[in-house]
**Student:** 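This is the structure, below, for whatever I ask next.
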Amino acid sequence: MQMDMNDFVMRLVAIVLGVTVHEFSHAFVALRLGDPTAAQEGRVTLNPVVHFDPLGAFMMLFVMLGYAPMAWGKPVPINVFRIRWGRRGFALSSLAGPTSNLLLASIFAIPLYIDGGAWISPQLYNFLYYVIMTNIGLAAFNMLPLPPLDGFNTFAGLLPQGWATPMERLRRPANIVLMILIILPWMLSRLNLTRLNLDPRILDAMIAPIFQLFQRIVLPVSGCCHAVGHSHEHAEA
């Protein structure tokens with residue numbers, strides 16, 4: 001897999017920025033709601049080093065090169081017994097991560113609305129594209145209602161206790177299901193088994209409508225969406 005070095009660096013910066021802001025937001029909201037657990041571990045910071053474990057950071061490079069199906073940031077510890085409003089406080093802290101990604105994407109989209117983005121160089125356009133789309137993707141993926149993702153934690157925290165308890169029992173087996181949904185399509189692709197007319201990209205189908213919704217929120221002007229895509233394609237040509 002060939003990748004221009006400038007392109008690789010821009011993608012890497014976009015991912016590190018998105019994950020850092022995402023994890024920081026979990027920790028910050030938890031602290032504001034009275035749970036100092038993450039703060040005591042130094043997680044209320046925008047220093048990306050503390051938000052990645054070594055293996056997760058290593059795997060991120062492999063994902064970008066196409067040699068691994070997934071990577072991860074370091075989970076933020078939240079104590080549901082210390083956070084204000086208990087499960088609902090946990091839900092708010094969980095929701096803070098994807099929300100911060102959408103906010104970050106919206107901030108980086110602002111230049112596209114200034115004179116239609118005509119003043120932006122192709123290289124800067126590419127960087128904005130990567131940051132915007134990476135953060136929309138992070139938000140969409142994490143809002144899937146599957147554990148251990150933020151979508152599951154948000155919905156479980158907002159549900160009545162009678163519904164939340166059965167959902168919690170599904171946490172462990174659903175973790176396995178999520179891993180299968182991530183790894184299986186990648187394995188079939190790497191083994192050139194896609195010719196078997198199997199389409200295991202169930203996760204992509206689940207993410208797509210959420211991604212499209214978030215894209216319309218961040219880039220509400222349709223012409224802006226087309227401008228980003230067109231400029232990206234032009235720069236790659």
**Student:** Measure across Ile78 and Ser93 and return the closest heavy-atom pair with its distance rounded to 0.1 Å.
**Tutor:** CD1-OG, 2.9 Å
**Student:** Indicate the atoms forming the closest heavy-atom contact of Gly42 with Thr45, along with that distance.
**Tutor:** O-CG2, 3.1 Å
**Student:** Do Arg43 side-chain atoms and Val50 backbone N/O form a donor-acceptor pair below 3.5 Å?
**Tutor:** yes
**Student:** Do Tyr129 and Tyr125 pass the ring-ring contact (aromatic ring centres under 6.0 Å, His included) test, and can you show the C-alpha distance, the side-chain angles, and the key distance before you say yes or no?
**Tutor:** CA-CA 6 Å; Tyr129 174 89; Tyr125 243 121; 9.4 Å; no
**Student:** With side chains defined as the heavy atoms from C-beta onward, is the minimum distance between Asn135 and Val21 less than 4.5 Å?
**Tutor:** no
**Student:** Answer yes or no: is there a side-chain heavy-atom contact under 4.5 Å between Leu128 and Leu112?
**Tutor:** yes
**Student:** Hey, what do you get for CE (Met143) to OG1 (Thr154), rounding to the nearest 0.5 Å?
**Tutor:** 5.0 Å
**Student:** Just how far is it from atom CG of Leu219 to atom CE of Met133, taken to the nearest 0.5 Å?
**Tutor:** 5.5 Å
**Student:** Between Val63 and Pro69, is any pair of side-chain heavy atoms under 4.5 Å apart?
**Tutor:** no
**Student:** Apply the test side chain to side chain contact (heavy atoms under 4.5 Å, CB included) to residues Leu95 and Val29: give CA-CA distance (whole Å), side-chain angles for both, the deciding distance (0.1 Å), then the verdict.
**Tutor:** CA-CA 9 Å; Leu95 186 60; Val29 171; over 6 Å; no
**Student:** Are any non-hydrogen side-chain atoms of His51 and Lys74 less than 4.5 angstrom apart?
**Tutor:** no
**Student:** Could you go through the side chain to side chain contact (heavy atoms under 4.5 Å, CB included) check for Val19 and Trp72 one step at a time?
**Tutor:** CA-CA 8 Å; Val19 172; Trp72 56 89; over 6 Å; no
**Student:** Between the side chains of Thr37 and Asp35, is a donor N or O closer than 3.5 angstrom to an acceptor N or O?
**Tutor:** yes
**Student:** Calculate, to the nearest 0.5 Å, the distance between atoms CG and CD1 belonging to Asp204 and Ile182 respectively.
**Tutor:** 10.5 Å
**Student:** In this structure, would Phe141 and Met179 fall into the same cluster of hydrophobic residues linked by side-chain contacts under 4.5 Å?
**Tutor:** yes
**Student:** With the 4.5 Å side-chain cut-off for hydrophobic clustering, are Ile83 and Leu159 part of the same group?
**Tutor:** no
**Student:** Of all heavy-atom pairs between Ala91 and Gly157, which one has the smallest distance, and what is that distance?
**Tutor:** CB-CA, 3.9 Å
**Student:** Pairs in or reaching into residues 10-41: which pass ring pair (Phe, Tyr, Trp, His ring centres under 6.0 Å), with residues at least two apart or in two chains?
**Tutor:** His22-His26, Phe24-Phe28
**Student:** Applying a strict under-4.5 Å side-chain criterion to I, L, V, M, F, W and Y, I'd like to know whether Phe214 and Ile207 cluster together.
**Tutor:** yes
**Student:** On a heavy-atom basis, which atom in Ile180 and which in Pro185 lie closest, and how many Å separate them?
**Tutor:** O-CD, 4.0 Å
**Student:** Of all heavy-atom pairs between Ala139 and Pro98, which one has the smallest distance, and what is that distance?
**Tutor:** CB-O, 3.6 Å
**Student:** State plainly whether one hydrophobic cluster holds both Val177 and Ile202, where clusters connect Ile, Leu, Val, Met, Phe, Trp and Tyr through side-chain heavy atoms under 4.5 angstrom apart.
**Tutor:** yes
**Student:** Taking side chain as C-beta onward, heavy atoms only, is Asn6 less than 4.5 Å from Asn126?
**Tutor:** no
**Student:** Find out whether Pro77 and Gln40 are in side-chain contact, i.e. whether some heavy atom of one side chain is under 4.5 Å from a heavy atom of the other.
**Tutor:** no
**Student:** So if you build clusters from Ile, Leu, Val, Met, Phe, Trp, Tyr with side-chain heavy-atom gaps below 4.5 Å, do Ile120 and Tyr113 land together?
**Tutor:** yes
**Student:** List the atom of Leu178, the atom of Pro147, and the distance in Å for their closest heavy-atom pair.
**Tutor:** CD2-O, 3.6 Å
**Student:** Is the shortest side-chain heavy-atom distance between Asn101 and Ile136 below 4.5 Å?
**Tutor:** no
**Student:** For Phe90 and Asn79, run side chain to side chain contact (heavy atoms under 4.5 Å, CB included): C-alpha distance rounded to whole Å, both residues' side-chain angles, the deciding distance at 0.1 Å, then the answer.
**Tutor:** CA-CA 8 Å; Phe90 181 51; Asn79 189 331; over 6 Å; no
**Student:** Apply side chain to side chain contact (heavy atoms under 4.5 Å, CB included) to residues Phe152 and Leu146 and explain how you reach the verdict.
**Tutor:** CA-CA 5 Å; Phe152 179 88; Leu146 294 171; 5.5 Å; no
**Student:** How long is the span from the CE atom in Met10 to the OH atom in Tyr130, to the nearest 0.5 Å?
**Tutor:** 5.5 Å
**Student:** For residues Phe52 and Met60, determine if any side-chain heavy atom of one lies less than 4.5 Å from a side-chain heavy atom of the other.
**Tutor:** yes
**Student:** Say you draw a straight line from CG of Leu46 to OG of Ser25; how long is it, rounded to the nearest 0.5 Å?
**Tutor:** 8.0 Å
**Student:** Between OG1 of Thr99 and CG of Leu104, what distance do you get to the nearest 0.5 Å?
**Tutor:** 12.5 Å
**Student:** With distance as the sole test, does Asp115 use its side chain to make a donor-acceptor pair with the main-chain N or O of Gly117 at under 3.5 Å?
**Tutor:** no
**Student:** What residue pairs, at least two apart or across chains, pass side chain to side chain donor-acceptor pair (under 3.5 Å) with a residue in residues 158-172?
**Tutor:** Arg87-Gln161, Asn153-Arg171, Gln161-Thr165, Glu168-Arg171
